[in-house]
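Notes follow the structure.
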2 protein chains.
Amino acid sequence: MDPETDAGRNPTMLDVAREAGVSRALVSIIMRGAPGASERTRAHVKEVAARLGYVPDARAQALRRQGNAAIGVAFQPDQPFHAALIDAIYESARRADHPVILSAVTPGHDEERAVASLVGQRCGAVITLGSRLDRDVLEATARRIPVVVVARTVEAVGVDTVVSDDAGGLGAAVAHLASLGHTRIAFAQSAESGGNPERLSGYLGAMDDLGLAPDVVAGGSRIEGGAEAARTLLAREGLPTAVVCFNDAAAAGMQDVLTRAGVRVPVDVSIVGIDDSETASLSYRQLTSIRQDPVALARAAAARAAQRIASPGLDRFTAVIPTSLVVRTSTGPRVPDAPEAPQP
Amino acid sequence: MDPETDAGRNPTMLDVAREAGVSRALVSIIMRGAPGASERTRAHVKEVAARLGYVPDARAQALRRQGNAAIGVAFQPDQPFHAALIDAIYESARRADHPVILSAVTPGHDEERAVASLVGQRCGAVITLGSRLDRDVLEATARRIPVVVVARTVEAVGVDTVVSDDAGGLGAAVAHLASLGHTRIAFAQSAESGGNPERLSGYLGAMDDLGLAPDVVAGGSRIEGGAEAARTLLAREGLPTAVVCFNDAAAAGMQDVLTRAGVRVPVDVSIVGIDDSETASLSYRQLTSIRQDPVALARAAAARAAQRIASPGLDRFTAVIPTSLVVRTSTGPRVPDAPEAPQP
DNA sequence: TTGTAGGCGTTATCAC
DNA sequence: GTGATAACGCCTACAA
């Protein structure tokens with residue numbers, strides 16, 4: 001178009017300044033909305049910038065800028081729950097005027113690499129969603145850069161954590177089932193390494209409080225967990241009348257396998273999931289679920305990250321976000337003498 | 001630790017150079033593995049860098065570096081299929097020595113913003129996964145920066161596309177069902193804006209080729225699509241003997257609603273999904289599914305992005321990645337006189 | 001209200 | 001094999 005400027009190159013501040021007949025500094029002031037320019041020149045320069053298709057170079061900005069370091073986020077793209085967290089982190093960070101840099105954790109791009117890339121970008125803090133890093137790796141990272149772990153409880157020096165109140169959630173779920181008359185309440189546990197210690201102990205504690213005998217049944221792989229637990233239950237003498245599953249996917253698998261076996265939900269067995277995901281709210285599922293609050297989790301994490309950026313050297317910090325029980329139709333009153341379901 | 005260097009600051013190349021007793025330039029050469037340093041100094045400098053915890057500043061690198069522009073990726077974190085794509089993009093990009101910059105598309109961070117942030121980072125090319133941008137927005141973006149759209153067919157000037165062979169996949173699915181004796185083969189269509197034109201037309205074409213009457217049933221929202229289509233079918237006089245659904249989630253909903261209504265899969269109705277996701281392979285589902293090849297899709301997209309970075313001004317390009325039919329037990333031979341399922 | 005000088009941390013191009 | 005020096009594009013002071 002303009003023979004003066006070589007076509008291929010991205011326009012720079014200098015191009016805008018020249019074209020508008022002002023100095024570079026003034027363009028800078030105007031582009032980032034700082035005070036120190038008249039309305040008239042402001043409008044003019046912005047018009048020129050738009051006409052030239054000028055977009056500030058984020059890399060140069062980040063390099064020079066002092067405050068407003070970026071918040072790095074390591075997440076798992078195969079975890080739908082992380083989507084809601086990311087969305088909320090974007091919003092919180094933008095409000096505090098911190099750029100967000102994402103790094104995915106996948107089979108070929110492990111969490112150490114993801115975090116390393118965030119460090120390389122000179123993020124002011126790193127939020128890792130559902131981190132699976134070892135404690136010592138987390139601690140080593142935290143010595144370099146503030147680290148906030150979301151949705152996993154870890155005791156690591158200098159590492160902040162933001163978690164849901166799993167114990168409270170499990171307590172509410174068990175209490176809900178007990179109030180419906182259930183006494184044989186099982187817990188389907190994940191078979192993953194470590195499982196969910198907080199969820200399990202929350203269940204055990206709640207059962208103990210009510211004087212009920214716990215019944216923990218181990219599930220299988222992440223994706224098959226609920227189905228396998230269901231098969232384990234079906235192979236037994238008698239079924240429990242209620243089952244709490246380690247997440248919604250597992251609850252769905254439990255529901256599906258039981259249903260296909262002719263067991264009626266909730267007449268024969270009540271089911272509770274965790275997460276209150278889209279799966280739980282499906283019209284034909286209607287799973288009662290322990291809801292995590294992704295917005296509150298993300299806000300707490302982003303706020304903490306911003307705090308750490310502003311003032312390093314704070315004490316270790318843990319936020320526990322309340323959960324709530326979303327009651328749907330997968331739980332119902334215990335039916336003492338429910339007739340056996342017909343075997344198709 | 002070292003009183004000479006102020007503790008809080010990240011070590012820079014200069015720190016490493018001073019500590020190792022060499023020049024900045026030499027450190028640069030060594031850190032990026034360029035020729036021009038003896039093995040001895042190389043080892044020494046690397047040791048010093050490691051000891052100081054030196055990590056190159058990716059922002060400064062990107063700013064100064066000429067080639068190896070980054071590949072920007074706009075993705076949807078709530079789409080599990082994108083996880084596999086991202087993983088493969090990371091690998092391809094690393095092989096070609098291009099950094100990857102991610103930007104999520106979420107309710108609060110729309111695709112335009114995501115792409116704009118990628119442009120601001122001066123990516124050399126942008127890959128958008130399942131883009132929903134209007135044609136003219138895509139074209140405007142493509143005038144600034146090479147754009148590769150993955151998993152959505154668009155006819156936009158200057159925009160490259162990489163898509164799965166939906167028509168071929170649907171053809172294979174319909175042929176598979178026809179070979180099992182099915183003639184009443186329905187297609188459950190997404191109710192989303194636009195739906196999946198290629199999948200629908202692939203179905204229609206395949207039915208036409210076989211001289212069969214098409215039967216398109218509209219689904220509901222993204223998440224409820226399959227379930228609603230199933231209810232529509234159940235409300236009719238007679239069921240088709242086979243249904244192809246617009247994706248696996250829909251197929252799962254179809255299967256669940258039909259199963260709960262006492263319709264046996266595959267005895268009464270065969271079901272085919274699309275994507276071959278984890279859902280499809282669940283032990284109790286075993287959905288026959290049209291498999292998309294995420295690795296091939298991602299590789300093609302990354303390769304094209306790298307090509308565009310190396311030499312802009314290429315012609316528009318479209319890659320069609322083959323699909324394959326994964327046959328499981330949700331499809332079976334047509335049973336002409338199957339007895340009605342018992343109504344529980 | 002505007003312009004000038006200096007620097008962020010790196011890479012690239014030179015001479016030595 | 002090594003060491004100055006000039007960019008990259010922008011921001012932050014400070015001077016006019």
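So that the names make sense, note that chain A is the first sequence line, chain B the second, and so on, each numbered from 1. Keep in mind that what you see is a predicted model, and the values were worked out from it rather than measured.
The distance between atom CD1 of B:I30 and atom C1' of D:dG1, rounded to the nearest whole Å, is 10 Å. Remark: P of D:dC11 and CZ of A:R32 are 5 Å apart, rounded to the nearest angstrom. A straight line from CD1 of B:I29 to C1' of D:dA4 spans 13 Å, rounded to a whole angstrom. Between the CZ atom of A:R65 and the P atom of D:dT12 there is a distance of 7 Å, given to the nearest Å. When the C1' atom of D:dG3 is taken as reference, atom CE of B:M13 falls 14 Å away, rounded to whole Å. If you take CG of A:L14 and P of D:dC10, they are 9 Å apart, rounded to a whole angstrom. Here the P atom of nucleotide D:dG9 and the CG atom of A:D15 are 9 Å apart, to the nearest Å.
Comparing B:R64 and B:S23 by the nucleotide of DNA chain D whose heavy atom lies nearest to each, the residue mapping closer to the 5' end is B:S23.
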request  = Evaluate salt bridge (Lys or Arg N to Asp or Glu O under 4.0 Å) for B:R143 paired with B:E139, printing each intermediate quantity in order.
outcome  = CA-CA 6 Å; B:R143 275 192 290 274; B:E139 290 183 343; 5.1 Å; no

Verdict with reasoning, B:R24 to B:S28, per side-chain hydrogen bond (donor to acceptor under 3.5 Å, both in side chains) = CA-CA 6 Å; B:R24 251 195 320 246; B:S28 168; over 6 Å; no

task = Go through the steps for B:E155 and B:R316 under the test salt bridge (Lys or Arg N to Asp or Glu O under 4.0 Å), then give the verdict.
result = CA-CA 10 Å; B:E155 287 290 338; B:R316 192 168 166 285; 3.7 Å; yes

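Nucleic acid contact class of A:L26 (heavy atoms, under 4.0 Å, all strands): sugar-phosphate only. Base contact: B:R24 has a heavy atom under 4.0 Å from a base atom.
A:A142 and A:V157 make their closest contact through CB-O, 4.2 Å (heavy atoms, listed as atom of the first residue, atom of the second, distance). Summarising the geometry of B:E111 relative to B:S131, their closest heavy-atom pair is OE2-OG, 2.6 Å, with the distance given to 0.1 Å.
Bracketed by its first and final contacts, the part of DNA chain C lying under 4.0 Å from non-hydrogen atoms of chain B reaches from C:dG9 to C:dA12 in 5' to 3' order.
You'll find the ring centres of A:Y90 and B:H109 inside the 6.0 Å limit.
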